[in-house]
Amino acid sequence: MCGIIGYVGQQAAGPILLEGLQRLQYRGYDSSGIAVLDHDGALAVLKRAGQGALADAFPSAESIAAGRVGIGHTRWATHGGVTDRNAHPHSSTAGDVVVVHNGIVENYRALRDQLIEDGAEFVSETDTEVIPQLIAHHLRQGSDFPTALRATMATIEGGNSVVALHASDPQRLYAARKGNAGGIVIGFGEGEMFLASDMPALIPHTNRVRYLANGETARLSSAAVEIWDSDGNAAPTEPESIPLDPVAVAKGPYKHFMLKEIWEQPRALSDTIRGRARVDPGQVVLEDVPLSDDDLRRLRRVLIIGMGTSMHAGMLGRAYIERLGGLPADFDNSSEFRYREPLLGPETLVVSISQSGETIDTLGAMHHVKEAWNAPQITVCNVPGAATTRITDGSAIYLRCGPEIGVASTKTFTASMAALYLLACRIGVARGHLQPADLDDALGTLLAVPSLVDRMLQQSDRYEEIASQLPEASNLLYLGRGLHYPIAMEGALKCKEISYIHAEGYPAGEMKHGPIALIDRHTPTIAIALRDALYGKMCSNIQQVKARDGVVVAIGTEGDEELAAQVDHFIPVPATGELVAPFATAVPAQLLAYYLATLRGADVDQPRNLAKTVTVE
Ligand code: M6R
């Protein structure tokens, strides 16, 4: 969950670390800290609880200035409160071993007790602190640093990534990775090397990278990288070049990354679809999905897994695979799925969705599928080479959205929907469920989605105005049916996470089974009621809310004056194909949440208690 950065080279490490941490704040921002080493082995540590506190303290920290080697960390607290002491880096008792860490040391209590018995002194409440203590313990036993680090990684349980410094080795930096928690990427510069938990921190410096694999340890100097596997055998160090657009990570003219990413959706959707949906004659090309027509014909079921926004996209994916693919489909929350005993087999295709490709619950579920069932897997992912794509041996539909920095996912939600729509078409054609004319139609409709989304964005002022007219609410309901039920869920999630207004998304038919008791004039309802097969039923649900004095914002079909007259606020959606209408209704769902949050002065890009990538359970 946390962000990690490391540097070794000829420049002053402090400013580079600080800048890297700024870029990584979407991974956690409860506290942050850095440690730097000068060439004489003098170690300086600066750490502070609170967002921005490190940057404030930095200019007066003279001890930091001389270091050319350093590590930094931005924390999302798991063990121990948000205090200066619990902030990373953490040190051994003698202070000569310093580490930053991402993950959870599951057996830390037993290790801590043992280390205390051996004379170690602990100053924090974190699980992390056992790591420098253990490394120091192995060094005292005569191990060199790479061996001590490897032995430590073998002792600690759980998924963990560690970056470390040793005062007796002042020109080098160490890293290790075990399990699926987070990742470590090594950046190769000219006469300098970098380490980071993920790519955004490296963007200003290099695009030549090597991801550390599970079980590997690495030693970096300004001129060289050495890597060993878990048995201590030398591993290849050759970097790969990753295409990066530095402009894509800047906010540009937008007040928040979230807003920028919402507005990027037409472009992002075009990029997801480009070259994959061809019409006249219709063809779907999923370049990184190796399943043949025969493989797809053998399938009996599709199971989609993901968390949060990705799971909501998966809910729509289920409908697409049923309707376009002609196959039974279901979705599940990865964290639930991985601890059930699901009955899968080679005839179930498992499709995981993860923007980051690093979400621990989804990785766990995918491992479970691989180990217990060896079912075929595809992943929908936004980050080339991410952990999910390694589990599927590269079988992936990349979203090609560019980095998503806002903690609240937006462009990757609609892009994941598009990816699943394409997959459903691919399955439908292979199985003969879609005839050529149907496929042409389905893909033609999808190709029009970027301009549909653009039209919805053009009403942005209206969404802001509606948000400003809603009563000061502490509860909000989002209602939808059919294809718009997942959008109601997603709208409510956006609202909760960035505005801190309690919001729930319901299938509208569920209202009378309990939630309607919440309705009064202080609880607005956002209802999605397009002129589709479920329109009449949605209108009845809206009437039920109005009859109880509820304020209703209806997202309805353009020109539906009858509905507009019945509700308090009306958001028109251009008439469009039923299957792609959720791409349109997603936009006001996202922007209403955004404006509700900004009107309350909330920190939209870094909402409290959250991190962009969830790498702990
Ligand atoms: O990277 P992933 O798509 O696997 O992340 C899954 C969820 O953590 C994520 O979708 C989360 O719910 C959103 N950031 C919420 O906006």
Side-chain angles (χ1 to χ4, degrees), residues 1 25-28 76 180-183 197-200 256-259 261-262 265 268 272 304-317 331-338 351-367 379-392 396-399 401-417 419-420 478 486-487 489-500 503 505 586 589-594 597 602-617:
M1 213 71 183
Q25 281 198 6
Y26 64 89
R27 290 183 70 103
W76 187 83
N180 298 317
S197 46
D198 51 2
M199 278 307 297
H256 296 103
F257 278 112
M258 181 185 178
L259 188 62
E261 287 154 5
I262 290 174
Q265 287 179 108
T272 306
I304 306 172
I305 52 175
M307 297 298 289
T309 294
S310 289
M311 189 192 73
H312 295 156
M315 292 169 72
L316 267 157
F331 71 89
D332 207 344
N333 173 294
S334 310
S335 67
E336 287 297 310
F337 169 83
R338 68 178 292 193
V351 181
S352 52
I353 309 172
S354 177
Q355 180 284 129
S356 59
E358 303 286 345
T359 296
I360 190 85
D361 304 288
T362 300
L363 294 178
M366 292 173 73
H367 279 300
T379 193
V380 172
C381 181
N382 194 35
V383 180
T388 47
T389 68
R390 299 198 289 273
I391 298 174
T392 61
I397 307 176
Y398 284 112
L399 297 177
C401 283
E404 187 176 68
I405 304 295
V407 166
S409 303
T410 51
K411 62 178 177 177
T412 57
F413 174 58
T414 47
S416 297
M417 288 160 49
L420 292 163
Y478 285 72
I487 303 298
M489 296 286 291
E490 178 59 9
L493 173 61
K494 293 291 86 111
C495 189
K496 275 185 273 224
E497 66 177 329
I498 60 170
S499 73
Y500 314 142
Q590 294 167 341
L591 279 169
L592 282 171
Y594 173 80
D603 183 348
V604 167
D605 281 332
Q606 293 178 334
R608 69 185 181 205
N609 303 340
L610 291 174
K612 177 77 178 157
T613 306
V614 179
T615 56
V616 290
E617 281 189 81

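We count ligands from 1, going down the list as the structure has it; atoms in each ligand are counted the same way. Hydrogens, waters and symmetry mates play no part in the numbers below; they use all other heavy atoms, side chains included. Worth saying up front: this structure is predicted, and the values here are computed from it rather than measured.
In this structure, the side chain of Q590 does not engage the main chain of K494 through any donor-acceptor pair within 3.5 Å. Of the possible donor and acceptor atoms, none in the side chain of K411 sits under 3.5 Å from a partner among the backbone N and O of Q265. Under the 3.5 Å distance criterion, the side-chain polar atoms of Y398 are matched with a main-chain donor or acceptor of G385.
Heavy-atom proximity to atom 4 (O) of ligand 1, evaluated over T359, T309, I305, is greatest for T359.
Side-chain N/O atoms of S354 and S310 include no donor and acceptor closer than 3.5 Å. A donor and an acceptor atom, one from each side chain of T412 and E404, are located under 3.5 Å apart.
Which parts of ligand 1 touch S310 is read off a 4.0 Å heavy-atom cut-off, strictly below it: atoms 2 (P), 3 (O), 10 (O). Close approach of ligand 1 to E497 is summarised as follows: ligand atoms under 4.0 Å from at least one heavy atom of the residue are 15 (C), 16 (O).
In this structure, atom 6 (C) of ligand 1 lies nearest to the protein heavy atom M307 O, 3.3 Å. The nearest heavy-atom contact from the protein to atom 1 (O) of ligand 1 is S356 OG, 2.6 Å. Of all protein heavy atoms, the one lying nearest to atom 8 (O) of ligand 1 is V614 CG2, 4.1 Å. With respect to atom 13 (C) of ligand 1, the closest heavy atom belonging to the protein is S409 OG, 3.4 Å.
The closest approach between a heavy atom of T362 and any atom of ligand 1 is not below 4.0 Å.
Side-chain contact between F331 and V351: absent, with no pair of heavy atoms (C-beta onward) separated by less than 4.5 Å. Here the side chains of I487 and L316 are in contact, with some heavy-atom distance below 4.5 Å.
Only the backbone of V407 comes within 4.0 Å of ligand 1, counting heavy atoms alone; no side-chain atom from C-beta on gets that close. Only the side chain of K494 comes within 4.0 Å of ligand 1, counting heavy atoms alone; its backbone N, CA, C and O stay farther away.
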